[in-house]
Amino acid sequence: MDMLTRRKFLLASGVTGAAALAGGATVLGLHELHSAAATDPLPPGQGILVLLTLYGGNDGLNTLVPAADPAYQKARPDLAYQPHEVLDLGDGLGLNPAMTALHGLWQSGKLAVVRGVGYPQPNHSHFVSMDIWQTASPSEPGTSGWLGRWLDSQPDDQLRALRAVSLGGVLPPLLAGAKTAGSALPLGRFALPSGAPGEALKALGAVSPQDCPNAAYAARDTADLFTVSAAFGPTLGSAAAASNKGVGKVKQPAGAKVKAAGTATGALAQQLDIVASCIESSVPTRVYAVSLGGFDTHSAEKGTQSALLKQVSDAIGAFQQRIAAGSRAKDIVLVAYSEFGRRVAANANDGTDHGTAGPVFVVGESVHGGFIGEQPSLTDLDNGDLKFHTDFRSVYATVLQHVLGTDPAPVLGGSFPSLSFV
């Protein structure tokens, strides 16, 4: 039974979740199970982190583009953007032309760009590098995620299943702690069986004094499954219904302060729409993990990456536009990263190969917009790779301290300089 972890229960629920929840459930609905959200919703002023992972190794040089640098033009004769094409940020840098919504956030002071982020002795493997970013352990294999370790330090109470949630059917390693873990929510309808099967499954969550530790742990995770279903099932069901009707767009209320470029569609927009709905409903979640893949651009990069970056930019812009109209706008910080950047020189297939340092984007009403850190040189390279200037653990330390309100040193295994983006 000890192998029946929360993540496996949640993955299973994506298969068994065809039955709807009992009528009358609300977006929170926790009073029926643990009374957590009804009696203690997330208090105003509690920081909320939205962590966006761009899987595949996003090309930072064609995202934050040094278009006026002759070394950039020489290294990428067919792949480079020209200075007049990029969205100017100053310092000789511009955003990819597709990122108009993020450019609007920059102009309004709500976007910070941390330049040259990486770690010592970089690894070009997707799996190893992503493991390093998600465990915050560059020197040796990590056994728990950095946000999982934060979860380990939180109270073991009825809210444990809701403090950190990943949108999608798989729990990322970053939310797996040594003692507990976050929850994974499959996109689409999320519901548990009703009737006798539902009652039988619920009975598995009842703790007995005769349970051994492993059985008690499994029972706790079963109860957590019902907690998560009650809290998020209606929101996910509404999102699925909207998608089935062909809507699939992030809501953009009147009076929003930032104008997004067009409408936001696609998987990332759907994830952020659900996150926004949960935040508006005061679901007691402090961390949301969302993601978008496809950034491994070894060939024909320009069109592929541009389309992906448009999805990212539009989805973030529409999300920020929506939450800016709410009461929790200053509580929310979104951080977007990828496991590595790409090589400086283009390859023979109009693409780029695995590299090292890249930019990290931070968005929010409380964010101090502008550049953080030094832009890597395109001529002082490490065997063709950019040299990093900011350790990614400084980004994490800043978020842990100023958004989640915790001491970062125990989580990160040491002290790292805090950055000034929030």
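Atom set for the values below is all heavy atoms of this structure, side chains included, hydrogens, waters and symmetry mates excluded.
- Salt bridge present: Glu280 and Arg322 bring a charged side-chain N and a carboxylate O closer than 4.0 Å.
- Side-chain polar atoms of Asn349 and His298 form no donor-acceptor pair below 3.5 angstrom.
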**OP:** Apply ring pair (Phe, Tyr, Trp, His ring centres under 6.0 Å) to the pair Tyr55 and His126, showing each step before the final yes or no.
**Re:** CA-CA 8 Å; Tyr55 285 105; His126 289 293; 9.7 Å; no
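- Looking at Lys110 and Ser366, their side chains never come closer than 4.5 Å, going by heavy atoms from C-beta outward.
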Output a table of donor-acceptor pairs, distance under 3.5 Å, between side-chain atoms of residues 369-377 and any protein atom two or more places apart or on a different chain; print 'none' if there are none.
| from | atom 1 | to | atom 2 | distance (Å) |
| --- | --- | --- | --- | --- |
| Ser377 | OG | Thr379 | N | 3.1 |
| Ser377 | OG | Thr379 | OG1 | 3.1 |
| Ser377 | OG | Asp380 | N | 3.0 |

Original post:
Could you walk me through whether Leu419 and Val395 pass the side-chain contact (heavy atoms from CB on, under 4.5 Å) check?
Top reply: CA-CA 7 Å; Leu419 305 177; Val395 177; 3.9 Å; yes
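- Checked by atom type and distance alone, the side chain of Thr135 never pairs as donor or acceptor with a backbone atom of Gly145 at under 3.5 Å.
- Of the candidates Leu272, Val275, Leu334, Val275 is the only one forming a side-chain contact (heavy atoms from CB on, under 4.5 Å) with Tyr288.
- Two residues are said to be in side-chain contact when any heavy atoms from C-beta on lie closer than 4.5 Å; Leu52 and Val312 meet this criterion.
- Remark: side-chain polar atoms of Asp331 are not paired, donor with acceptor, to backbone N or O of Ile48 under 3.5 angstrom.
- A donor-acceptor contact shorter than 3.5 Å is absent between the side chain of Arg393 and the backbone of Gly414.
- Arg286 contributes a side-chain N or O that, together with a main-chain N or O of Gly47, makes up a donor-acceptor pair within less than 3.5 Å.
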**OP:** Show the numbers, then the answer: is there a side-chain contact (heavy atoms from CB on, under 4.5 Å) between Phe340 and Met130?
**Re:** CA-CA 8 Å; Phe340 46 60; Met130 185 54 73; over 6 Å; no
**OP:** Evaluate the side-chain contact (heavy atoms from CB on, under 4.5 Å) criterion for residues Leu386 and Leu378: first the C-alpha distance (whole Å), next the side-chain angles of each, then the deciding distance (0.1 Å), finally the verdict.
**Re:** CA-CA 7 Å; Leu386 297 173; Leu378 297 186; 3.6 Å; yes
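- Between the side chains of Gln320 and Glu365, a donor-acceptor pair is found at a separation under 3.5 Å.
- Of the N and O atoms on the side chains of Arg160 and Gln154, not one donor lies less than 3.5 Å from an acceptor on the other residue.
- Looking only at distances, a side-chain donor or acceptor of His368 sits under 3.5 Å from a matching main-chain atom of Ser420.
- The structure places CD of Gln270 at 8.0 Å from CG of Asp273, a figure rounded to the nearest 0.5 Å.
- For the pair Asp350 and Arg76, the salt-bridge criterion is not met [side-chain N within less than 4.0 Å of a carboxylate O].
- No side-chain heavy atom of Asp131 sits less than 4.5 Å from a side-chain heavy atom of Ser137.
- Using a 4.5 Å heavy-atom cutoff, the side chains of Leu111 and Val367 are not in contact.
- For Ser166 (side chain) and Ala184 (main-chain N/O), no donor-acceptor pair under 3.5 Å exists by modelled atom type.
- A donor-acceptor pair is defined here as one N or O able to donate and one able to accept, closer than 3.5 Å; such a pair exists between the side chain of Lys302 and the backbone of Ala80.
- Side-chain atoms of Arg149 and Ser144 form a donor-acceptor pair, as typed in the model, at a separation below 3.5 Å.
- Taking the side chain as every heavy atom from C-beta outward, Trp133 and Phe392 approach each other to under 4.5 Å.
- To the nearest 0.5 Å, atom NE2 of residue His103 and atom CG of residue Asn96 are 12.0 Å apart.
- With no hydrogens or angles considered, a side-chain donor-acceptor pair links His124 and Asp385 at under 3.5 Å.
- Test Val335, Ile332, Leu105 against Val363 for side-chain contact (heavy atoms from CB on, under 4.5 Å) and you get one pass: Leu105.
- Although no hydrogens or angles enter the test, the distance criterion places a donor-acceptor pair under 3.5 Å between the side chain of Asp152 and the main chain of Ala178.
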Original post:
So Leu400 and Leu412, side-chain contact (heavy atoms from CB on, under 4.5 Å) or not? Walk me through it.
Top reply: CA-CA 10 Å; Leu400 286 164; Leu412 300 177; 4.0 Å; yes
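- Donor-acceptor pairing under 3.5 Å is recorded for the side chains of Tyr337 and Thr53.
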Taking distance alone, no hydrogens or angles, what donor-acceptor pairs closer than 3.5 Å link side-chain atoms of residues 82-94 to residues at least two apart or in another chain?
| from | atom 1 | to | atom 2 | distance (Å) |
| --- | --- | --- | --- | --- |
| Gln82 | NE2 | Gln73 | OE1 | 3.1 |
| Glu85 | OE1 | Gln82 | N | 2.6 |
| Asp88 | OD1 | Gly90 | N | 3.2 |

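- Checked by atom type, the side-chain pair Thr297/Gln305 shows no donor-acceptor distance below 3.5 Å.
- Of the N and O atoms on the side chains of Gln401 and Asp407, not one donor lies less than 3.5 Å from an acceptor on the other residue.
- A side-chain donor from one of Tyr119 and Ser129 sits under 3.5 Å from a side-chain acceptor of the other.
- Between Gln134 and Pro172 there is a side-chain heavy-atom pair separated by less than 4.5 Å.
- Put simply, CG on Leu147 and CZ on Arg163 are 13.5 Å apart, with the number rounded to the nearest 0.5 Å.
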Subject >> Derivation and outcome, side-chain hydrogen bond (donor to acceptor under 3.5 Å, both in side chains), residues Thr63 and Asn58 >> reply: CA-CA 8 Å; Thr63 303; Asn58 177 46; 3.0 Å; yes
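- Asn62 is listed as a side-chain neighbour of Leu79, based on a closest heavy-atom distance under 4.5 Å.
- Between Arg342 and Asp296 there is a side-chain heavy-atom pair separated by less than 4.5 Å.
- For the side-chain hydrogen bond (donor to acceptor under 3.5 Å, both in side chains) test, no residue two or more places apart in sequence or in another chain qualifies with Thr356.
- For Tyr81 (side chain) and Leu95 (main-chain N/O), no donor-acceptor pair under 3.5 Å exists by modelled atom type.
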